[in-house]
Amino acid sequence: MTENISNCCTDKTALDKIAAIAKTWKGRKDMLIEVLLQAQKLADNAITEDVAEIIAKEMGIPLSTVCNAISFYAMFSTEKRGKYIIRMCKSAPCHIKGAEAVMQAFEKALDISCGGTTSDGLFTLETCECIGVCDRAPAVMINDEVYGPLTPEEVIKIVADYRQRREEK
Amino acid sequence: MEETRILLKNLGKVKPASSADYVAAGGYNGLKKAIANPEAIVDIMKDSGLRGRGGAGFPVGLKWSFTKGTPSDQKYIICNADEGEPGTNKDRILMAGDPHSMFEGMAIAGVAVGATKGFIYLRAEYPYLLPILNDALKDAESAGFIGKNILDSGLDFDIEIRSGAGAYICGDETALMESIEGKRGEPRYKPPFPGVSGLWGKPTIINNVETLCNVPQIIDKGAKWFRSIGTESCPGTKLFTLSGNINNPGVYEFPMGVNMRTLFEEVGGGCPGGKKLYAVQTGGASGAIINAKMLDMPMDIECCAKAGAVLGAGDLMFIDESIDIINVVENLIEFFIEESCGKCTPCREGNTRLLEFVKKFKEGTAIEGDLKRLIEIGSFMQISSLCGLGQASPIPVLSAIKNFPEKFIVKSDERGQS
Ligand SMILES: Cc1cc2nc3c(=O)[nH]c(=O)nc-3n(C[C@H](O)[C@H](O)[C@H](O)COP(=O)(O)O)c2cc1C
Ligand code: SF4
Ligand code: FES
């Protein structure tokens, strides 16, 4: 599995924070998913090889066990991703309400295709399965926030709002 | 038609995190009664006739009796808040609006079978519920309803919240347990069943959020009261999620047995734009797709099954005449290919084969015998897959073939030429 993990470096402060979190759960294999979720937030939304290694070491579990979990769950990525992860729902209730057109609007507004990250590192565009807000279909999650029902026109405004957020910071 | 709000009665009326509000609305009475007479609880649950609301409809009292009857130094209660079935939103509504009823249901289960620890397995797609649940839990702990020595009874019941990480299969009970243990969410071979050997090999009750939210009022008001609502074989109310081509999508509470037509016309307000209803998928992504002609159907487990539909978790996805049903079937199979865990061959390979054949019918390249092969593969998956995912994933396509035969016609000659 490890050959799939991109071998790039995560910055030292992030790695230290991750090590500290992992260490508190030494010997607690059951906390692995929780640790991975927290680590990913600190490390450009990805579990790269260096992150996986430090978690394995600090928690005292084999690296293969860590990689095994990463490869199974959809929320984990081994490639570094943007600050905002846009996850467009493609399950049936959203599909029949026009999810594809909304997805195309995102691709156009961001000038990337599904799976890609914008060159400024701000957005990654992905599809996902049902996010549990089918009554707001077609729906999308951007990090922890839900938007829907969406029209292709609204997509342009949402993307602009997020770009604005960065400028304000 | 007016809703019958039993599960949703506190929605918008209490501050979700506040146990004081919940108590003022009659909450935690069931727990008090359970503590006063723990021995009686499993029998009351049996008498109530409550069946699981997560999709399979297993009798709750019977499930609890297995765990009660298995001696162990440690037992667990798990609340299944994975809600991964496309078309299901109800558990989110309950957790966001009335989390204490879920805690109370879990604590009553704990008292009834001698479990001191509960887990809520919350899907990662609901991160915005975590602050509400954490606040509510803290409040319940400081008020003495959850934690050590609950209500001065000498009994303990802790609750811990665990997050998923994006995997539909982790809604399956044993896959969920693997996930809590920190592993890949692959279902286990059964037996042993979780009631006897579940989380870390200990006797474990796992119930859906909506199931557990029914428990406090059953214990407080009695089995007879509960049986006065709903149908003979499925007492109580059900939360229905309406989605798809419908004017008023959302979650609504009605007694079991409510007619599907009522839900479509009166509650849902029909299809937008005056379009005609063409089909309904009942019971989520793995449920049956029925013809709009079959709309008059009482919604409980038995009636749905008899009519060729599936109650499941109470999902109704309405599909209007502008949608191509084969396109929907294709989308559904793609979902199962994506979400199959790959542990067993019938499901891992079978779903891919189903998609191949469905694409042929969509593109008009199906040849003589393809329909028979498609049905054969689907039927084989139903009987040979390890878990409910592979057993149920052929249902949408098999039901579509039955209810929309005109969509599965061989148009080309036997050499596959149109
Ligand atoms: C693939 C699959 C996914 C499931 N997803 C869920 C789910 O998201 N929520 C749920 O409560 N039950 C789900 N179930 C059903 C559970 O395995 C289990 O039957 C249920 O949690 C039992 O609770 P209940 O008896 O209260 O319904 C799923 C089953 C399968 C096979
Ligand atoms: S039926 Fe599918 S999801 Fe279930 S164990 Fe087999 S491969 Fe995994
Ligand atoms: S199908 Fe998109 S949110 Fe449920």
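Excluded from the calculations below are hydrogen atoms, water molecules and symmetry mates; all remaining heavy atoms, backbone and side chain alike, are included. Proteins get letters first, then strands, A, B, ... in listed order; numbering begins at 1 in each.
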Checking A:Ile96 against chain B: side chain, backbone, both or neither under 4.5 Å from a heavy atom? both
B:Ala285, part contacting chain A, at a heavy-atom distance under 4.5 Å: neither
Proximal component of A:Lys97, with respect to chain B [non-hydrogen, under 4.5 Å]: side chain
Scanning both residues in full, the closest heavy-atom pair of A:Asp144 with B:Tyr128 reads O-CD2, 3.6 Å
Against chain B, label A:Val35 side chain, backbone, both or neither, depending on which of its atoms sit under 4.5 Å from a heavy atom there. neither
Could you tell me whether A:Lys57 atom NZ has more than 12 heavy atoms of other residues or ligands within 6.0 Å of it? no
Taking every heavy-atom pair that is under 4.5 Å apart, which of B:Asn248, B:Val328, B:Asn89, B:Val251 has the most such pairs with chain A? B:Asn89
Does some side-chain heavy atom of B:Ser179 sit less than 4.5 Å from a side-chain heavy atom of A:Tyr73? yes
Least distance between heavy atoms, B:Tyr126 atom then A:Ile131 atom: CE2-O, 3.5 Å
Heavy-atom side-chain proximity of A:Cys130 to B:Glu85 below 4.5 angstrom: no
Answer yes or no: is there a side-chain heavy-atom contact under 4.5 Å between B:Arg92 and A:Asp135? yes
Part of A:Arg136 lying under 4.5 Å from any heavy atom of chain B: neither
Does atom CG of A:Asp111 have more than 12 heavy-atom neighbours, drawn from other residues, nucleotides or ligands, at distances under 6.0 Å? no
Does a sphere of radius 6.0 Å around CD in A:Glu100 hold more than 12 heavy atoms from other residues, nucleotides or ligands, not counting ones at 6.0 Å or beyond? no
Contacting moiety of A:Ala92, where chain B heavy atoms sit under 4.5 Å: both
Please classify the contact between B:Phe318 and chain A as side chain, backbone, both or neither, with a heavy-atom cut-off of under 4.5 Å. backbone
Winner by heavy-atom pair count (cut-off under 4.5 Å) against chain A, out of B:Gly342, B:Gly84, B:Gly185: B:Gly185
Identify which of B:Asn245, B:Thr241, B:Leu332, B:Ile169 forms the greatest number of heavy-atom pairs closer than 4.5 Å to chain A. B:Asn245
Less than 4.5 Å to any heavy atom of chain B: does that hold for the side chain of A:Ile33, its backbone, both, or neither? side chain
Counting heavy-atom pairs under 4.5 Å with chain A, the top scorer among B:Pro127, B:Ser243, B:Ala167 is B:Pro127
Listed once per pair and sorted, the ring pair (Phe, Tyr, Trp, His ring centres under 6.0 Å) pairs that draw on residues 96-147 of chain A, sequence neighbours left out: A:Tyr84-A:Phe123
Flag yes if more than 12 heavy atoms outside A:Lys29 fall under 6.0 Å of its NZ atom; otherwise flag no. yes
Rounded to the nearest 0.5 angstrom, the OG1-CD distance for A:Thr127 and B:Glu334 is 10.0 Å
Checking B:Asn327 against chain A: side chain, backbone, both or neither under 4.5 Å from a heavy atom? both
Side chains of B:Met317 and A:Cys134, heavy atoms from C-beta outward: is any pair under 4.5 Å? no
Minimum heavy-atom distance A:Phe72-B:Cys341, with the two atoms named: CE1-CB, 4.0 Å
If you define the side chain from C-beta out and look only at heavy atoms, does anything of B:Glu338 sit under 4.5 Å from A:Lys90? yes
Contact leader toward chain B among A:His95, A:Met31, A:Arg28, where contacts are heavy-atom pairs under 4.5 Å: A:His95
